[in-house]
Each structure stands twice: as C-alpha cells, then as structure tokens.
Number of protein chains: 2
Amino acid sequence: MELTKWREEILKIIEKSKKPLTAEEIYKINKFKPNFSTVYRALKFLEEKNLIKSISFDKGPKYFYSSKKHYHFLYCTNCGKIEVFNKCIASQLENFIYKNFKFQITDHVFYFKGLCENCKEG
Amino acid sequence: MELTKWREEILKIIEKSKKPLTAEEIYKINKFKPNFSTVYRALKFLEEKNLIKSISFDKGPKYFYSSKKHYHFLYCTNCGKIEVFNKCIASQLENFIYKNFKFQITDHVFYFKGLCENCKEG
DNA sequence: ATTGAAATGCAAATGATTTGCATTCTCAAG
DNA sequence: CTTGAGAATGCAAATCATTTGCATTTCAAT
Ligand SMILES: [Mn+2]
Ligand SMILES: [Mn+2]
Ligand SMILES: [Zn+2]
Ligand SMILES: [Zn+2]
C-alpha cells in the first residue's frame, strides 16, 4: 500500500489545478473528505515521492503544486496573494554554484515580493 | 521613542553579523537580555523601517539580515543549514515582470534547495 | 513633577503542521 | 476463505515559531 485512494485523489486535484493550492484548499476541494491529518500526510508522501513540490512564503500556509510544473511567484506582502510566472533564469546560476560550493542542487525557489495590483495605491 | 536601546542593540548585532541570524540567535547574543517578545517586536519594527530583511525557508525559523546586504541562499533540505552567496540575476526578470504584471516589486527571494556538503552521500 | 504615548515583560493565544496512539484497512501467505 | 502483519487513517493532543492582550514601566515633552 502506498499510493492510496486519498493520495491519488489529492494528487489529481493538484495536477488538475492551474495554480498552487494550500492544504486547506485541497482539503475543501476533495469531495470524499479525508481527515485533515491524512491530507497533510498525503502531501508529505507525494512530496517525498517527488510528485509534488511546495513553497512557503513569509507567513501563511505552504502552497503545493505538481512537479510537472515549474513556477515562480509574485508574493504580495500586504494581502498575501500569490501570482505565478514561469520564466526561469536559475540555470545560469547553477553553474556558478557548482563551481563555488560543494552543494548538490535539487531545486530552487524564486519569487518577487511587493504589492499586487489591489494593494499598491493609485 | 522609536529606535530604543534594545532595538539599536539588535540592529547592531544584525549589522555586525557576517551571516543571517534567527530571532533566537539574536536573543542569545544580546548580553542585556531583553524579553523574547521584545526581540520579536524589535525585529518587526526594524523590518518595517527597512533596516533589516528576513527570509523563511520550508521549515524552521526566519533569518534576519541587514538591508545593506544582499543575500541569496543554499538551503539544505536535510539538515536545514544555510549558506549564502551574493550573485544576483533578478534584475533581468524585473523588466519582464514590469511588462507583464501590474505588480510593484520591492524585493525578491531566491535560494537553491539541495544537500549540503555534509548531507550529500559520498 | 506631571502626563500620555510608546515600549516592555509575562503569560496565554495563535496558526500551520506534526505526532501518538487506538482503530481500520489491505493484501500476500497459509 | 481466513489470518496477520504492516500500512494508512482518524482523532485529539502536542509542537514550534511567532504574536497578542494586558498590566507595568519608561521617556520625552510640557
Ligand atoms: Mn526556476
Ligand atoms: Mn538578488
Ligand atoms: Zn495584495
Ligand atoms: Zn545538510
């Protein structure tokens, strides 16, 4: 037993979603309503299996998304809203890191902080 | 009253440090021992005044550093160790964001996830 | 010296996530 | 088919970093 009913259901929800989701959102979307702990355990399981990824910001919950996607973010420091974009320039730096640190890169996190359209005055 | 004794002391500790510090580290370094809440309130105050910045990773506490520095990180997903580097390529993307989103950038967060020298096998 | 706003200390609350433990499920072995 | 061990689940309590409420203290301006 590993990829159980709940876990598959949760993986499907995440893969279908056009944007990253929080544990709570996933819990609410799921019509068969597993226990909240089960959701968290499923998310942990799926992330360990590299089927999903997560990102956390300064405050608030983690966001989960399919490993098939590659996201970067705009994080509003006022209301917490996140938007995504995909343009990625990290590979330029991987070479630099490889040369300068004995660090085995598995992923990267990149987001802009600032004010979303609603929160910036004007 | 604004930039009080405790707050100045804490700002000095952060500015002198060669690496980002957690609230607890700052608390322990400070020889005059303010209350822990005071440390947190001071950090919040200093960050609002843009004198310091903070970053949080997937788990564990925030790290605080002087706004005079610009850091990026290598975050070990196994032991939580952080290392810093300064090479920054974000400005290339700022232009892209400006053109495509109505988002007012104030800062950015960029770090690599992976395994530090100790945690990677071999 | 008086006063009021802001800062502090202390303890309790918070929010997201994790954990312990009893119960239930699954599936391969007999 | 029965059985039993190893997962997975549900539930409640615990955790961890951080925040908050409230009583008390500090401080600068009058
Ligand atoms: Mn990228
Ligand atoms: Mn940068
Ligand atoms: Zn906003
Ligand atoms: Zn490590």
Side-chain angles (χ1 to χ4, degrees), chain A residues 1-14 20-49 51-65 73 75-82 109 113, chain B residues 1-14 20-49 51-65 73 75-82 109 113:
Chain A
M1 287 162 264
E2 290 260 283
L3 191 52
T4 62
K5 182 178 74 158
W6 293 148
R7 291 174 180 177
E8 277 202 286
E9 187 70 24
I10 286 170
L11 179 58
K12 269 185 219 157
I13 289 171
I14 292 169
L21 300 170
T22 66
E24 195 182 12
E25 287 170 335
I26 291 162
Y27 173 71
K28 283 183 180 159
I29 290 172
N30 198 314
K31 47 192 168 307
F32 303 114
K33 296 283 178 234
N35 187 275
F36 223 125
S37 318
T38 305
V39 173
Y40 276 111
R41 278 191 276 235
L43 292 169
K44 193 178 185 188
F45 170 86
L46 295 170
E47 192 162 11
E48 277 166 0
K49 288 273 182 288
L51 294 167
I52 64 172
K53 294 180 176 183
S54 70
I55 181 175
S56 34
F57 298 94
D58 287 353
K59 58 175 51 188
K62 280 187 186 172
Y63 286 80
F64 297 88
Y65 56 97
F73 306 85
Y75 171 66
C76 179
T77 50
N78 186 248
C79 71
K81 181 185 172 196
I82 67 165
V109 168
K113 295 164 83 161
Chain B
M1 284 162 266
E2 288 262 285
L3 191 52
T4 62
K5 181 177 74 156
W6 293 147
R7 292 173 179 179
E8 277 203 285
E9 186 71 22
I10 286 170
L11 180 58
K12 268 185 219 159
I13 289 172
I14 292 170
L21 300 170
T22 65
E24 195 182 12
E25 287 170 335
I26 291 162
Y27 173 71
K28 283 182 179 161
I29 289 171
N30 198 315
K31 47 193 167 307
F32 303 114
K33 296 282 176 231
N35 187 276
F36 222 126
S37 317
T38 306
V39 173
Y40 276 110
R41 279 191 275 235
L43 292 169
K44 193 178 184 187
F45 170 87
L46 294 169
E47 193 162 8
E48 277 166 359
K49 288 273 183 290
L51 294 167
I52 65 173
K53 293 179 177 182
S54 70
I55 181 175
S56 35
F57 298 94
D58 286 354
K59 55 175 51 187
K62 279 187 186 171
Y63 285 79
F64 297 88
Y65 56 96
F73 306 86
Y75 171 66
C76 180
T77 49
N78 186 247
C79 71
K81 181 186 172 195
I82 67 165
V109 168
K113 295 163 83 160

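Proteins get letters first, then strands, A, B, ... in listed order; numbering begins at 1 in each. These numbers come from the heavy atoms of this one structure, side chains and all, not from hydrogens, waters or symmetry mates.
- Under the 4.0 Å criterion applied to side-chain N and carboxylate O atoms, Glu9(B) and Lys5(B) are not assigned as salt-bridge partners.
- Between the C1' atom of dT17(C) and the CD atom of Glu47(A) lies a distance of 13 Å, rounded to the nearest Å.
- Rounded to whole Å, the distance from CZ on Phe57(A) to P on dT18(D) is 18 Å.
- Qualifying salt bridge (Lys or Arg N to Asp or Glu O under 4.0 Å) partners for Lys49(A), counting only residues two or more places apart in sequence or in other chains: Glu2(A).
- Straight-line distance from the NZ atom of Lys44(A) to the C1' atom of dA8(D): 14 Å, rounded to whole Å.
- One interatomic measurement links the two molecules: NZ of Lys49(A) to P of dA7(D), which rounds to 12 Å at whole-angstrom precision.
- The distance between atom NZ of Lys62(A) and atom C1' of dT18(C), rounded to the nearest whole Å, is 11 Å.
- With sequence neighbours left out, the salt bridge (Lys or Arg N to Asp or Glu O under 4.0 Å) criterion links Glu47(B) to no other residue.
- Phosphate contact (OP1/OP2 of dT17(C), side-chain N/O of Tyr40(A), threshold under 4.0 Å): present.
- Using modelled atom types, no side-chain atom of Lys28(A) and backbone atom of Ala23(A) make a donor-acceptor pair closer than 3.5 Å.
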Just distance, no hydrogens or angles: give the donor-acceptor pairs under 3.5 Å from side chains in residues 35-46 of chain A, sequence neighbours left out.
| unit_1 | atom_1 | unit_2 | atom_2 | d |
| --- | --- | --- | --- | --- |
| Asn35(A) | OD1 | Ser37(A) | N | 2.8 |
| Asn35(A) | OD1 | Ser37(A) | OG | 3.0 |

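- Each end of the helix from dA1(C)-dT30(D) to dG30(C)-dC1(D) gets its own axis, taken as the rotation carrying the C1' atoms of four end pairs onto the next four within a five-pair window, and the two axes meet at 10° to the nearest 10 degrees.
- Among residues two or more places apart in sequence or in another chain, the side chain to side chain donor-acceptor pair (under 3.5 Å) test is passed with Lys81(A) by none.
- Rounded to whole Å, the distance from OH on Tyr27(A) to P on dT9(D) is 14 Å.
- Remark: Glu8(A) pairs with no residue by the side chain to side chain donor-acceptor pair (under 3.5 Å) rule, at least two apart or across chains.
- The separation between Tyr63(A) atom OH and dT17(C) atom C1' is 16 Å, rounded to whole Å.
- dT9(D) atom C1' lies 15 Å from atom CD of Glu2(A), rounded to whole Å.
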All N/O donor-acceptor pairs, side-chain side in residues 58-65 of chain B, below 3.5 Å, sequence neighbours left out:
| unit_1 | atom_1 | unit_2 | atom_2 | d |
| --- | --- | --- | --- | --- |
| Asp58(B) | OD2 | Lys113(B) | NZ | 2.8 |

Sort me out a list of protein N/O and nucleotides 8-11 of chain C N/O pairs below 3.5 Å, or just none if empty.
| unit_1 | atom_1 | unit_2 | atom_2 | d |
| --- | --- | --- | --- | --- |
| dT8(C) | OP1 | Thr4(B) | OG1 | 3.0 |
| dG9(C) | OP2 | Asn35(B) | N | 2.7 |
| dG9(C) | OP2 | Thr38(B) | OG1 | 2.5 |
| dG9(C) | N7 | Arg41(B) | NH2 | 2.9 |
| dG9(C) | O6 | Arg41(B) | NH2 | 3.1 |
| dC10(C) | N4 | Ser37(B) | OG | 3.3 |
| dA11(C) | N6 | Ser37(B) | OG | 3.2 |

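- Contacts of Lys12(A) classified as salt bridge (Lys or Arg N to Asp or Glu O under 4.0 Å), with partners at least two apart in sequence or in another chain: none.
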